[in-house]
Amino acid sequence: MNISEIKNLFPALKQKIYDKPLVYLDSAATTLKPISVIEKVRNYYSLENSNVHRGAHYLSQKATDQFEAARENVAQFLNAKSTEEIIFVRGTTEAINLVATSFGESLNEGDEIIISILEHHANIVPWHMLKTKKKVTLRFIHLDDQGNLNLEEYKKLLNPRVKLVSLTACSNTLGLFPDLETYVTLARLNGSKTLVDGAQLVSQKKVNVQKLNCDFFVFSGHKLFAPTGIGVLFGKKEILNEMPPYQGGGAMISDVSEERTLFNQLPFKFEAGTPHIEGVLGLSEAIHFLKNIPFQEIETHEDLLLKLFMSEVKKIPEVIVYGDSLNKGAIVSFNIKGAHHSDVAQILDQQAIAVRAGHHCTQPLMKYLNLQGTVRASFSIYNDEEDVMKLIAGIKKSKELLL
């Protein structure tokens, strides 16, 4: 990977913050956007603005063709069997809510759902809501002594009442990659459906939903160099066909009379109303952008940055790093002993280093680890070794000022 060339494709990195070059280390919150994605959205609004699946004119047909070509692009990106298995939603959060609401209709009192202590609130709160509505039981997998998901605990939780296992593919706080293939396989042997939250995974590793054999896979475009407000729900066709619609309105119907509504076929059954057209086109363009960079090179590069950070930060005894796992993505959470994470983040910001501080929408994990919050730095394809060393220098300066 030529990092200088890649950096040059992201306009945001050309600006200065407090008269210093921006060091963007908050990609786990949202990735920056390459110029090709920005131009795709601009071009749609400038020259192609029209609704899809409705109009009888040139612009509408052009927008529709691009919209459905984007669906095909996403299906190939995930290695789905069919475009019918690709549902456009607003993001990971809406995708999980759709499954919780629609698939959740088939659940009964006493049924069980398994999630993990690593989950983002988006993969916790919808299940709490379903728990209240349907009186299902929610079970958590915790961590073992090595800081990985406790596989033995998971095996004990599996029983005939478990209808769904819903797990993150990469912790947004610790960067941990659970052994998804093992968890999914055991769930299938138990007769349970599986949902994978791929929000943090899609920009780091190649996804193959057929190989993984999960029933649902969800992600957000803005974690993949695409616009905000667009995401994807992959669902196996036979399961989606059995699920009732999530919302009612235009586009998701085949016929409406005074007496009844007949619903559209997949995937349109779950896409009520005018979609986020420019978001879909931007997502497709982001996938095209990524096709020029082999995922193996992305993994190698980000792992190099992670290892450099870990080797340097261990030289600062006052810093505690959480989730120092062998199977870990380029996401690091840390604290300086005796300093508040928000104060550290503010000092880093003054050095034009963008990180996140807080509980990262993982309050159960924070309580489990007995933490109020952490500083989180996340690396991506547009970061380099100089960015890592600036972060290390910023941590040292924070230590000097706060301790």
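Every heavy atom of this structure was used, including side-chain atoms; hydrogens, water molecules and symmetry mates were not.
- Side-chain atoms of S27 and S378 include no donor-acceptor pair closer than 3.5 Å.
- Side-chain atoms of S116 and E119 form a donor-acceptor pair, as typed in the model, at a separation below 3.5 Å.
- Between K7 and E386 there is no salt bridge, since none of the side-chain N atoms of the basic residue sits less than 4.0 Å from a carboxylate O of the acidic one.
- Atom CE of M129 has 12 or fewer neighbouring heavy atoms from other residues, nucleotides or ligands inside a 6.0 Å radius.
- Side-chain atoms of S284 do not come within 3.5 Å of backbone N or O of L281 as any donor-acceptor pair.
- At distances below 3.5 Å, not a single donor-acceptor pair connects side-chain atoms of D65 with backbone N or O atoms of K62.
- Between L365 atom CG and Y322 atom OH the span is 11.5 Å, to the nearest 0.5 Å.
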Original post:
Passes side-chain contact (heavy atoms from CB on, under 4.5 Å), Q296 versus K206? Steps please.
Top reply: CA-CA 8 Å; Q296 185 57 54; K206 181 69 176 173; over 6 Å; no

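- Tested against H359, the residues H341, H120, H121 include a single ring-ring contact (aromatic ring centres under 6.0 Å, His included) partner, H121.
- Residues H276 and E278 bring a donor and an acceptor atom of their side chains to less than 3.5 Å of each other.
- Tested against L167 for a side-chain contact (heavy atoms from CB on, under 4.5 Å), the candidates I141, V184, D197, L195 yield a single pass: I141.
- The environment of K237 atom NZ is sparse: at most 12 non-hydrogen atoms of other residues, nucleotides or ligands sit within 6.0 angstrom.
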**OP:** For side-chain contact (heavy atoms from CB on, under 4.5 Å), just list the numbers for H128 and L138, CA-CA rounded to whole Å, side-chain angles, deciding distance to a tenth of an Å, and then say yes or no.
**Re:** CA-CA 7 Å; H128 276 307; L138 189 60; 3.8 Å; yes

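- Ion pairing between D303 and K328 fails under the 4.0 Å rule for side-chain N and carboxylate O.
- The aromatic rings of F10 and F289 stand perpendicular to each other, their planes meeting at an angle above 60°, with 30° marking the opposite boundary.
- Without hydrogens or angle criteria, H301 side chain to N383 main chain gives a donor-acceptor distance under 3.5 Å.
- In this view, K33 and T30 satisfy the side chain to side chain donor-acceptor pair (under 3.5 Å) rule, not counting sequence neighbours.
- Considering K163, K193, R188 as possible partners of D215, the one that fulfils the salt bridge (Lys or Arg N to Asp or Glu O under 4.0 Å) test is R188.
- Inter-residue side-chain proximity for F217 and L78 is flagged as met; some heavy-atom pair is nearer than 4.5 Å.
- Residues T31 and S380 bring no donor and acceptor atom of their side chains to less than 3.5 Å of each other.
- In this model, no donor atom of one side chain and acceptor atom of the other lie less than 3.5 Å apart for N150 and K156.
- Taking a cutoff of 4.0 Å between a charged side-chain nitrogen and a carboxylate oxygen, K133 and E105 qualify as a salt bridge.
- If you look at F67 and Y44, their ring centroids are not closer than 6.0 Å.
- When the shell of 6.0 Å around CD of E39 is examined, it contains more than 12 heavy atoms from other residues, nucleotides or ligands.
- Side-chain contact of T374 with H360: a donor-acceptor pair under 3.5 Å is present, judged by distance alone.
- One side chain, E153 or H142, offers a donor N or O that lies under 3.5 Å from an acceptor on the other.
- Ring pair Y183/Y154 is tilted by interplanar angle, where 30° to 60° counts as tilted.
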**OP:** May I have the step-by-step check of side chain to side chain donor-acceptor pair (under 3.5 Å) for K155 and N190, ending in yes or no?
**Re:** CA-CA 10 Å; K155 291 177 181 178; N190 189 64; over 6 Å; no

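- Counted within 6.0 Å of NZ on K134, heavy atoms from surrounding residues, nucleotides or ligands total more than 12; the atom is thus considered enclosed.
- For NZ of K14, the number of neighbouring non-hydrogen atoms (other residues, nucleotides, ligands) closer than 6.0 Å is greater than 12.
- Although no hydrogens or angles enter the test, the distance criterion places a donor-acceptor pair under 3.5 Å between the side chain of N159 and the main chain of L157.
- Remark: the backbone N or O of A63 is not paired with any side-chain donor or acceptor of Q66 at under 3.5 angstrom.
- Side chains of Q76 and E72: a donor-acceptor N/O pair is present below 3.5 angstrom, by distance only.
- Counted by atom type alone, D387 and Y24 present zero donor-acceptor pairs between their side chains at under 3.5 Å.
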